Amino acid sequence: MNKKSGIIKEGLLVTIASLLTLAVAFMLYFLIFMVFESFANQDGSYGFVSQLRVGYGIIWLGLCLIVYRTTIYDWLKAGVLTASLTTFMVGIGVQLYKSPIVVGLVLLLVASISVFLLHKMKQKWYHYYAIAIAIIAALFYLMPAE
């Protein structure tokens with residue numbers, strides 16, 4: 001019974017950490033967007049948005065790589081992984097919204113590379129769970145509203 005409660009505890013910690021880091025990531029993006037809109041959008045063209053979206057996702061991926069080299073709790077690393085993958089996949093997905101098949105392939109590629117790297121690093125099950133949360137969050141964000 002102790003092993004079962006440990007699995008539930010780890011799953012809950014990763015879920016909470018993932019939701020919190022996702023909230024932080026998207027609030028920070030909104031804040032950065034507002035700053036860029038105020039200072040870099042003098043002509044009203046919003047030409048900065050595509051670079052900001054993709055660049056922000058890449059920065060989060062870099063942050064994730066740094067976090068995985070630290071000694072913080074593994075469940076917190078998994079939460080950062082969720083936010084990193086989601087911000088990157090959403091950034092790419094929004095850029096390629098006219099090509100949903102390409103978006104699906106990019107999501108599949110990002111998830112596959114992530115699974116491969118986690119397997120190579122011999123990470124625990126909840127890191128893979130973090131990838132699943134990231135995919136679900138990205139799909140919810142990218143699904144067209146009708």
Side-chain angles (χ1 to χ4, degrees), residues 1-41 46-97 99-145:
M1 194 62 135
N2 192 15
K3 184 176 181 180
K4 203 178 232 184
S5 65
I7 290 172
I8 292 171
K9 179 184 172 187
E10 291 169 340
L12 282 173
L13 286 171
V14 170
T15 302
I16 292 168
S18 294
L19 294 174
L20 288 175
T21 54
L22 277 171
V24 167
F26 284 99
M27 284 191 282
L28 185 59
Y29 173 79
F30 179 72
L31 191 72
I32 293 169
F33 180 88
M34 296 303 289
V35 169
F36 271 82
E37 185 180 36
S38 297
F39 296 110
N41 193 36
Y46 289 95
F48 66 92
V49 176
S50 60
Q51 292 91 358
L52 178 63
R53 279 185 192 131
V54 176
Y56 187 71
I58 291 170
I59 289 170
W60 267 94
L61 287 177
L63 174 68
C64 185
L65 290 173
I66 292 168
V67 165
Y68 265 82
R69 297 192 188 289
T70 66
T71 58
I72 65 171
Y73 295 111
D74 270 0
W75 55 266
L76 189 53
K77 290 178 185 180
V80 172
L81 176 64
T82 299
S84 300
L85 292 177
T86 304
T87 55
F88 181 74
M89 290 187 292
V90 166
I92 297 294
V94 171
Q95 286 306 115
L96 301 172
Y97 74 95
S99 305
I101 293 173
V102 175
V103 172
L105 290 173
V106 168
L107 266 64
L108 182 63
L109 180 66
V110 169
S112 299
I113 291 170
S114 301
V115 167
F116 172 76
L117 291 174
L118 289 178
H119 180 71
K120 192 171 174 125
M121 293 170 24
K122 296 178 174 45
Q123 295 296 327
K124 295 180 181 176
W125 69 271
Y126 49 81
H127 296 272
Y128 301 95
Y129 172 58
I131 294 172
I133 295 171
I135 292 169
I136 291 167
L139 287 174
F140 271 118
Y141 191 95
L142 295 171
M143 294 300 273

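Just so it is clear, the model here is predicted, and its values are computed rather than measured.
Taking a 6.0 Å sphere around OH of Y141, one finds it holds 12 or fewer heavy atoms contributed by other residues, nucleotides or ligands. The 12-atom threshold is exceeded at CD1 of I72, counting heavy atoms of other residues, nucleotides or ligands nearer than 6.0 Å.
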Point to revise | Verdict with reasoning, R53 to V90, per side chain to side chain contact (heavy atoms under 4.5 Å, CB included) | key: CA-CA 8 Å; R53 279 185 192 131; V90 166; over 6 Å; no
Give the table of side-chain donor-acceptor pairs shorter than 3.5 Å for residues 102-124, with sequence neighbours excluded, one pair per line with atom names and distance.
| unit_1 | atom_1 | unit_2 | atom_2 | d |
| --- | --- | --- | --- | --- |
| S112 | OG | L108 | O | 2.7 |
| S114 | OG | V110 | O | 2.8 |
| Q123 | OE1 | H127 | NE2 | 3.0 |

Mind listing the side-chain donor-acceptor pairs of residues 7-34 below 3.5 Å, one per line with the distance, residues two or more places apart or on another chain?
| unit_1 | atom_1 | unit_2 | atom_2 | d |
| --- | --- | --- | --- | --- |
| E10 | OE1 | W125 | NE1 | 3.1 |
| T15 | OG1 | G11 | O | 2.7 |
| T15 | OG1 | Y129 | OH | 2.6 |
| S18 | OG | V14 | O | 2.7 |
| S18 | OG | T82 | OG1 | 2.9 |
| T21 | OG1 | A17 | O | 2.9 |
| T21 | OG1 | S18 | O | 3.1 |
| T21 | OG1 | G79 | O | 2.7 |

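Judged as a side-chain hydrogen bond (donor to acceptor under 3.5 Å, both in side chains), and not counting sequence neighbours, the contacts of Y56 are W60.
Pairing each heavy atom of C64 with each of V80, the nearest pair is CA-CG1, 4.0 Å.
Atoms OG1 and CD1, from T86 and I136 in turn, are 10.0 Å apart once rounded to the nearest 0.5 Å. To the nearest 0.5 Å, the span separating CG on L61 from CD1 on I66 amounts to 11.5 Å.
For T70 (side chain) and V67 (main-chain N/O), a donor-acceptor pair under 3.5 Å exists by modelled atom type.
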